[in-house]
Amino acid sequence: MKGFQNLIEKDLESALTDLGVSGDLWRKLLSHSRERSQGDLTLPCFPLGKQLSRSPIDMADDLVTILASKHDVSATNGYLNFKADGEWLAQRAIDGKKKAGSKKILIEHTSANPNGPFHVGRARNAILGDTMVRLYRLNGDEVKAEYYVDDMGKQVAILAWALANLSSEEVDEVLADKDEINPKWEEKADHARVRWYQAAQALREQRPEIDQEIAKMVHDSEDGDDSVLVAFENAYQPVLDGMLETLSRMGIGFDTFTRESVFVIDGSVAKVMARLESLEIHGTADNGAHFLDLGARGLKGKTEFFFRRGDGSSLYATRDIAYHMWKWQQGFDLLNVLGEDHRLQSKQVGMALEELGEKAPEVIFYAFIKLPEGKMSTRKGNVVFMDDLLDEAKEHAAAVVRELRPELDIDSVEEIAEAVGVSAVRFNIIRVSPEKGFTFTWDEALSFEGNSAPFIMYSHTRACSIARKVGRGSNDCTIPSPINQSTKELLRTIELGADVLDRTLKESKPHLYANHLLELASTFNAFYRDNPVVVEGVVDEFNFAICERTRVLLHDGMVGIGIEPLTSM
RNA sequence: GGGCGCGUAGCACAGCUGGAUAAUGCGUCGGCCUCCUAAGCCGAAGAUCGCGGGUUCAAAUCCUGCCGCGCCCGCCA
C-alpha cells in the first residue's frame with residue numbers, strides 16, 4: 001500500500017494543516033486498516049485530537065469534509081479511513097511494476113556438524129535459511145548462501161575416532177538396544193556413519209581414556225595438524241555429502257562452503273586473539289586463559305567471554321570471530337540462522353566483533369522442534385529423520401493424488417507426489433514464527449488442506465489451467481467499473497505483496513510471506529469462484545489479465561518460499 | 001540461583017513499531033460438484049489473549065511482579 005499512501009499523503013497533510021495540526025506525528029499514525037471492511041489505510045485521530053484539545057471524532061469528520069472531493073474517505077469513531085479505488089488497484093496490478101533490489105547479502109545457514117543425518121529439528125535451520133535466500137532473490141538482491149563446515153571440532157573428532165577404532169560388529173554391539181538402521185538408508189553415509197558416532201558417545205561414558213584420545217585429536221586439529229585434519233575430512237565428507245543430498249531433495253543448495261580450519265591455518269585466528277588481548281576489557285585467568293569482560297559493555301548474566309585457553313589454543317567462538325571478519329570483508333550484509341541454544345554465544349561473538357570495530361551480524365534464532373516423546377537428539381537417536389519424513393510425505397501425497405486423479409499415469413503421480421511432499425514439509429516449518437517452539441506430529445506434517453503448501457499449489461494450478469484453456473497470454477483490456485468485491489479483495493492482497501516482502505526481509509520473518517501467499521491463494525480462490533475467465537468460449541480480458549497476474553505472483557512467491565510451482569496436480 | 005525466549009478458541013498458529021468487532025487452519029455442526037481441477041467454496045458455534053498490578057484517551061501489544069514451558073549459564077562445539 002506504499003503506492004496508495006503516496007497518493008493520499010499530500011492531500012492529507014494539507015487537510016491536517018488546515019485543521020491546525022503540526023508536526024509529523026500523523027505519518028507514524030497512518031497505517032494499514034485493522035478493520036478491512038472500513039478501508040485500506042487508517043489514521044486514528046485520537047493523539048491529534050489531544051494535541052489540539054479537540055474531539056477526535058469531530059476532527060475525523062472535518063477531515064472527511066475536506067478530503068471527500070478527492071478521495072474515498074469515511075470517519076467512524078475517530079478513525080479516518082481511506083479506501084483505495086478498485087480501478088486504481090486494478091491498473092497497478094496489471095502494470096505489475098517490480099522494483100529491483102540492490103542489496104548484497106551473505107546468508108550463513110545450516111552449518112550443521114557433519115556427524116549424522118538431518119532430523120526435523122536440525123532441518124528447521126536449513127529450511128529457514130534457504131527461504132531467506134530465496135526471498136532475497138525474489139526481491140532482486142544479490143545473495144550468497146554459505147555453509148560453514150565445522151571440520152575440526154569435538155563432534156567430528158568423535159566420529160573420526162570411532163571410524164578409526166571401532167569395527168562394525170563393535171558398533172552393533174554397543175547399539176544393541178537401539179533401533180537398527182533402516183535398510184533403505186544403509187548406503188547413505190550420513191545414516192551409516194552416525195552409528196559410529198553414537199557408539200563412540202556411548203563408550204565415552206564408560207571409558208574415560210577415549211575422551212583423552214579425542215581431546216588430543218581436537219587439540220592437534222586446533223594447532224592445524226595436517227594429518228589429523230585429513231583424517232577428520234575423510235571421516236566427515238561422506239556424511240556431509242549424504243546430508244547435502246537430503247537438502248538437495250528439498251531444493252536447498254549452497255554457493256560456498258567455508259571450513260573452520262582455514263582460519264586457524266592462515267593465522268587469522270592468532271591475529272584476532274592478539275587484537276582481543278589488546279582491548280581495554282580484556283582479562284586473564286589464573287592459568288593464563290584470556291577473556292573479555294562483556295559485563296563492562298552491559299551484558300547481563302555470564303559476563304566473562306573466554307576466547308583463548310590456558311594452553312594458548314583458540315576456542316570455537318574465537319574462530320567464529322575470525323570467520324565473521326572474513327565474511328565482512330566481502331562487502332555483503334550478513335545474516336546467520338542459529339538455534340536458540342546459540343543465543344549467548346552469538347551475543348558474545350557479536351559484542352566482540354563490535355569491540356574490534358566490526359558490526360554484529362543479523363541473526364535469526366529458532367526454537368527447537370520437539371517430539372511428543374521429548375526433544376530430538378542425534379546423540380540419543382531420538383529423532384525423526386528428514387529422509388523418512390520426506391518419503392512419508394511423498395507416499396501420503398501419492399495416495400491423495402491416486403484418489404483424486406485416477407486417470408494419471410505412474411510417472412505423473414510420482415512427480416506430483418514428490419513436489420507436494422517436499423513443499424508441504426517445508427511450508428509446515430516455515431509458516432510458524434521461528435522463535436516459537438513446536439511439537440512435531442505426523443498428522444500436522446502431512447496435512448494437505450487449509451493452511452498448507454498444497455492449498456497454495458492448488459490455487460496456482462487453477463490459474464495455470466485457465467491459462468492453458470485460453471492458450472495465449474493476456475491482452476490489453478479495459479478496466480470495468482465498478483469492480484466487484486472478490487476482485488477488489490484479490491487486488492488489495494496483490495498490492496500488499498510488496499509491503500509484506502519488505503517487512504519479511506527487514507525483520508527476517510519468513511512466516512510473514514508464507515502467510516501472505518496463503519492470503520493470495522485464498523483471495524484468488526474467491527475471485528475464481530465469482531469471475532469466470534472463459535464463458536462459452538469467450539475470454540473476459542480483464543478477468544484473464546488479473547488471473548494471469550496472480551498466476552505469476554503465486555509462481556514467483558512459491559519459488560520464493562520453496563514450494564514447487566506445479567502447473568497441474 | 002542468574003540471563004534470554006515463549007505462553008492467544010478443544011488443537012495448531014497469526015496479530016505484539018499501542019488503536020476499532022482478536023485473523024487463519026484443523027476438529028465440530030450445516031450447505032455447495034450437469035459450471036475454467038471440490039487438495040476447493042459458503043455459513044454456524046467456539047477466546048477470562050497464563051495470572052495480578054501499572055502507564056495511556058486507548059493494552060493481546062509497553063512496564064512490573066508472579067506462575068508454567070523451553071534454551072543457555074564449559075578454558076565444549
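Chain naming here is simple, since letters A, B, ... match the order of the sequence lines and numbering starts at 1 in each.
- With ring centers used as reference points, A:Tyr323 lies under 6.0 Å from A:Phe263.
- With B:rC13, B:rA39, B:rU17 as the choices, the nucleotide that has an atom nearest any side-chain atom of A:Val420 turns out to be B:rA39.
- Comparing B:rA23 with B:rG15, their P atoms are spaced 14 Å from each other, to the whole Å.
- One P atom belongs to B:rA14, the other to B:rG74, and the distance between them is 32 Å to the nearest Å.
- Residue A:Met569 is classed as a base contact, given a heavy-atom separation below 4.0 Å to a base.
- Within 4.0 Å of A:Asn543, counting heavy atoms only, lies no atom of the nucleic acid at all.
- Both distances falling under 3.5 Å, in either a Watson-Crick or a G-U wobble arrangement, place B:rC71 opposite B:rG3.
- One atom, CD1 of A:Ile430, and another, P of B:rA14, lie 12 Å apart when rounded to the nearest Å.
- Among the nucleotides B:rA20, B:rA39, B:rA38, the one closest to any side-chain atom of A:Pro454 is B:rA39.
- Nucleic acid contact class of A:Val534 (heavy atoms, under 4.0 Å, all strands): base.
- The nucleotide B:rU21 finds no pairing partner, because no Watson-Crick or G-U wobble arrangement with both distances shorter than 3.5 Å includes it.
- With respect to the salt-bridge test (charged N to carboxylate O, under 4.0 angstrom), the residues A:Lys394 and A:Glu392 do not qualify.
- If you check every strand for non-hydrogen atoms under 4.0 Å, A:Pro56 touches nothing.
- Rounding to whole angstrom units, NZ of residue A:Lys436 and C1' of B:rC13 are separated by 7 Å.
- Summarising the base pairing, B:rC33 is matched to no nucleotide, lacking a Watson-Crick or G-U wobble pair whose two defining distances lie under 3.5 Å.
- Pairing for B:rA39 is absent, judged as Watson-Crick or G-U wobble with the two contacts each under 3.5 Å.
- Heavy atoms of A:Leu512 sit under 4.0 angstrom from primed sugar atoms or phosphate atoms, though from no base atom.
- Proximity note for A:Phe455 (side chain, C-beta onward) versus B:rU17, B:rC6, B:rC41: the nearest is B:rC41.
- Residue contacts shown for A:Thr439 are absent, as no nucleic acid heavy atom lies under 4.0 Å away.
- Rounded to whole Å, the distance from CD on A:Gln485 to P on B:rC41 is 17 Å.
- Using a 4.0 Å heavy-atom cutoff across all strands shown, A:Val401 reaches at least one base atom of the nucleic acid.
- Residues A:Phe544 and A:Ala467 approach most closely at CE1-CA, 4.1 Å, considering heavy atoms.
- Between B:rG54 and B:rU61, the distance separating the two C1' atoms is 15 Å to the nearest Å.
- Using the Watson-Crick or G-U wobble rule with both distances under 3.5 Å, B:rC76 pairs with nothing in any strand shown.
- For A:Arg36 and B:rU24, the shortest distance from a side-chain N or O to OP1 or OP2 is not below 4.0 Å.
- The shortest heavy-atom contact between A:Thr318 and A:Phe307 is OG1-O, 2.6 Å.
- For B:rA38, one of the phosphate oxygens OP1 or OP2 lies less than 4.0 angstrom from a side-chain nitrogen or oxygen of A:Arg462.
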Please write out the pairs of protein N or O atoms and N or O atoms of nucleotides 74-77 of chain B separated by less than 3.5 Å, giving the distance to one decimal.
unit_1 : atom_1 : unit_2   : atom_2 : d
B:rC75 : OP2    : A:Lys302 : NZ     : 3.3
B:rC75 : O2     : A:Gly310 : N      : 2.7
B:rC75 : N3     : A:Asn287 : OD1    : 2.6
B:rC75 : N3     : A:Asn287 : ND2    : 2.4
B:rC75 : N4     : A:Asn287 : OD1    : 2.1
B:rC75 : N4     : A:Asn287 : ND2    : 3.0
B:rC76 : OP2    : A:Arg309 : NE     : 2.4
B:rC76 : OP2    : A:Arg309 : NH2    : 2.8
B:rA77 : OP1    : A:Glu222 : OE2    : 3.0
B:rA77 : OP1    : A:Arg309 : NH2    : 3.2
B:rA77 : OP1    : A:Arg319 : NH2    : 3.1
B:rA77 : OP2    : A:Tyr316 : N      : 2.9
B:rA77 : O3'    : A:Asp150 : OD1    : 3.1
B:rA77 : O3'    : A:Asp150 : OD2    : 2.7
B:rA77 : O2'    : A:Asp150 : OD2    : 2.9
B:rA77 : N6     : A:Gln345 : NE2    : 2.6

Taking protein heavy atoms under 4.0 Å as touching, what does nucleotides 61-68 of chain B look like 5' to 3' if B marks base contact, S marks sugar-phosphate-only contact and - marks none? --------

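- Proximity of A:Thr461 to the phosphate of B:rA39: no side-chain N or O atom is located under 4.0 Å from OP1 or OP2.
- A:Thr76 comes within 4.0 angstrom of a nucleotide base, judged by non-hydrogen atoms across all strands.
- Remark: P of B:rG5 and CD1 of A:Ile369 are 21 Å apart, rounded to the nearest angstrom.
- When all heavy atoms of A:Ile416 and A:Met569 are compared, the pair lying nearest together is CD1-CA, 3.8 Å.
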Going through the distances and angles, do A:Phe365 and A:Val363 end up as a side chain to side chain contact (heavy atoms under 4.5 Å, CB included)? CA-CA 6 Å; A:Phe365 293 105; A:Val363 186; 3.5 Å; yes

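- In this structure, A:Asn81 reaches the bases: a heavy-atom distance under 4.0 Å links it to at least one base atom across the strands shown.
- Nucleotide B:rA58 holds its P atom 11 Å from the CZ atom of A:Phe46, rounded to whole Å.
- Side-chain atoms of A:Ser433 never come within 3.5 Å of backbone atoms of A:Lys436 as a donor-acceptor pair (strictly under, hydrogens ignored).
- Each of B:rC57, B:rC71, B:rC13 was ranked by its minimum atom distance to the side chain of A:Glu340; first place goes to B:rC71.
- With respect to A:Glu541 and A:Arg472, a salt bridge is recorded, a charged nitrogen being found less than 4.0 Å from a carboxylate O.
- Where A:Gly39 and A:Leu344 each meet RNA chain B at their nearest nucleotide, the meeting point lying more 5' is that of A:Gly39.
- When Watson-Crick and G-U wobble pairs are counted only if both distances are under 3.5 Å, B:rC66 pairs with B:rG50.
- Distance CG (A:Asn451) to P (B:rC13): 12 Å, rounded to an integer number of Å.
- The pair A:Lys216-A:Glu213 does not meet the salt-bridge criterion, since no charged nitrogen lies less than 4.0 angstrom from a carboxylate oxygen.
- Within the 3.5 Å criterion, the main-chain N or O of A:Val262 finds no donor-acceptor partner in the side chain of A:Arg319.
- Going from the C1' atom of B:rG27 to that of B:rC11 covers 8 Å, rounded to whole Å.
- Ionic pairing of A:Arg204 and A:Asp211 is present here: one or more N-O contacts between side-chain nitrogen and carboxylate oxygen are shorter than 4.0 angstrom.
- With respect to the salt-bridge test (charged N to carboxylate O, under 4.0 angstrom), the residues A:Arg36 and A:Glu519 qualify.
- A:Leu43 comes within 4.0 angstrom of no nucleic acid atom, judged by non-hydrogen atoms across all strands.
- Contact annotation for A:Phe291: no contact, since no heavy-atom pair falls under 4.0 Å across all strands.
- We find that A:Asp502 and A:Lys2 are joined by a salt bridge, their nearest charged nitrogen and carboxylate oxygen being less than 4.0 Å apart.
- Within the 4.0 angstrom heavy-atom criterion, only backbone atoms of the sugar-phosphate kind lie near A:His511; the bases stay farther away.
- For B:rG30 and B:rG46, the C1' atoms lie 15 Å apart once the distance is rounded to whole Å.
- The distance from atom CG of A:Leu30 to atom C1' of B:rG18 is 16 Å, rounded to the nearest whole Å.
- Distances shorter than 4.0 Å separate some side-chain N or O of A:Arg529 from OP1 or OP2 on B:rC42.
- Among the heavy atoms of the strands lying under 4.0 Å from A:Ser568 is at least one base atom, whether or not backbone atoms are also near.
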